Amino acid sequence: MSVENLAETFVELADTLVAEFDPVEFMHLLADRCVDTLAVDAAGILLVDHHGELQVVGASTERTRLLELFELQHRRGPCMECYVTGAQVSLTDLGSVPQRWPDFSAMAVDAGFAAVHALPLRLRSETIGALNLFTARPGALDPAIIRIAQAMADVATIGLLQARVISHRELLAEQLQTALQGRVLIEQAKGVLAERLQVDMGQAFEMLRHYARSHNQYISVIAEAVIDGTIDLSTSQG
Amino acid sequence: MSGDRLARVLAYIADDAAGRGASVSSQTACDAAVRLIDVSGAQVTLMNSPDRGESRYSTDLIGGRLEELRFALGEGPCADAFRSGVPVLVEELDSGQNHRRWPMFVPAALDAGARAVFAFPLRSGAIRTGALVLHRKRIGPLTAEQVADSLVIADVILSLLLDELTRVRVGLPVDGVPMSRGEIHQATGMVSVQLGVGVEEALVRLRAHAFANERPVIDVARDVVARRLRLNPADASDPSSGD
């Protein structure tokens, strides 16, 4: 990873933050950039909901296997541990025994990963979730990479809270709910498309994202329009 | 950890209703919210569009008055919560900022005796049923715990309302699993296309199918997503006819 690449990534993220922005699209962009910049094989951003469970709000791919790995960490696993302690958690060899979370590790190995890392999404004393990184090769991340990864996690947090002062309880609840509900909209819209066009969930997501980008609209707005039937993506696919 | 928040809130709502010899409903959950969140009153407003809506239930006169004001004026925390789909928490109505934000609602709400209002949308993605509105006769914010409990109660009330509005008896999510799994939302979207109905009814039908077949909703949702199960429009009136 070059200095120019890294600079470009942060410029792009900062650009996104300056304008009014779609938190859902931002989380996906950030997950994508984690993969490019940190030389990891998959990335996801998880936020805690009011049930105290972690929900994925952005992923570098919508592969079902990867989403299942996030889902498995709802209540326990490296991301929950990271969220609770506010500290980084790394499992550097998922294939070795014993494993602290054997179900999670087995599923991760099955999906082709050998190591997993979780970094806290934290602003001052408040932790709101975790950045989850997967690599196909075992081993720890280079300390320089970890510092950049934590910077990306910080950008995610600031983006989500839109740099507002979070002493105001309303703003935190509002921003978290916007991101979490945006994700629900997207899952519902994926289901609508999967059934209507007989595509898989990953393809359904790419169609939503592609349409939102090419029409310069929020992905959550497109999702809502797909669900209520006001746009029909089948005619827009080239 | 608060993964057990739902279980705790459900137990509170059930005990509260049992203590008054009632069975659990969206109304008794609303009554329980007043005690659990330590507010003066609560009301549930049903809405199908930002400008329409009706009061479903109110625990006191102030709550009823706040709903009348929303209906008449079309502004206020409840109207905004429904429109934006996220909570609107107002710890002190009588501030310059809030007078500017809701110039007609605030003076009238203060007259009615409310000093703080907290509105939580009854929402799951594209399913938007209305709002749970809590109020206090004194100023002051909700704690982080109270906000989290309120969000959970709003989820429970949404779930109960879906049953009540469609007369499909599913009851509380007894397995203690929040309705917040990705597969449940995906399956809801798929079922809405299979049955040619809105997502709200699709979720009801998914839950009814699970209930009739004595299976967890998440398992049924996974079957739908894996295309092992389709719901048929013909089963509409008979939730007991399974796959």
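Just so it is clear, the structure is predicted and the values come from calculations on it, not from any experiment. Throughout, protein chains are lettered first and strands after them, A, B, ... in sequence-line order, and every chain is numbered starting at 1.
For Glu71(A), the part lying under 4.5 angstrom from a heavy atom of chain B is the side chain only. Both the backbone and the side chain of Ala126(B) come within less than 4.5 Å of a heavy atom in chain A. Contacts of Arg8(B) with chain A are absent, with no heavy-atom separation under 4.5 Å from either backbone or side chain. Using a 4.5 Å cut-off between heavy atoms, Gln198(A) contacts chain B through both its backbone and its side chain. Only the side chain of Val199(B) comes within contact range of chain A, judged by heavy atoms closer than 4.5 Å.
Taking the ring centroids of His28(A) and Phe205(A), they lie under the 6.0 Å cut-off.
No other option in Val225(B), Val152(B), Thr188(B), Val191(B) has as many heavy-atom pairs under 4.5 Å with chain A as Val152(B). Among the candidates Thr178(A), Leu180(A), Asp228(A), the residue making the largest number of heavy-atom pairs closer than 4.5 Å to chain B is Thr178(A). Annotation: maximal heavy-atom pairing with chain A below 4.5 Å, among Val9(B), Val193(B), Ile127(B), occurs at Val193(B).
Side-chain atoms of Ser159(B) and Arg207(B) form a donor-acceptor pair, as typed in the model, at a separation below 3.5 Å. A donor-acceptor contact closer than 3.5 angstrom links the side chains of Gln73(A) and Asn132(A). Side chain to side chain, Asp4(B) and His51(A) fail the donor-acceptor criterion of an N or O pair below 3.5 Å.
Judged by distance alone, with hydrogens and angles left aside, the side-chain atoms of Arg123(B) form a donor-acceptor pair with the main-chain N or O of Gly125(B) at under 3.5 Å. Using modelled atom types, one side-chain atom of Arg122(A) and one backbone atom of Gly86(A) make a donor-acceptor pair closer than 3.5 Å.
A salt bridge is absent between Arg70(B) and Glu75(B): the closest approach of a Lys/Arg side-chain nitrogen to an acidic carboxylate oxygen does not fall below 4.0 angstrom. Salt bridge Arg183(A)/Asp49(A): absent, no basic N to carboxylate O contact under 4.0 Å.
Taking the six-membered ring where the residue is Trp, Phe105(B) and Trp102(B) present perpendicular rings, their angle passing 60° and hence far from 30°.
Each of Arg75(A), Arg76(A), Arg100(A) was scored for a salt bridge (Lys or Arg N to Asp or Glu O under 4.0 Å) with Glu81(A), with one residue passing: Arg100(A).
Proximity to chain B among residues 184-194 of chain A is limited to Val184(A), Leu185(A), Glu187(A), Gln188(A), Lys190(A), Gly191(A), Val192(A), Ala194(A), judged by heavy-atom separations below 4.5 angstrom.
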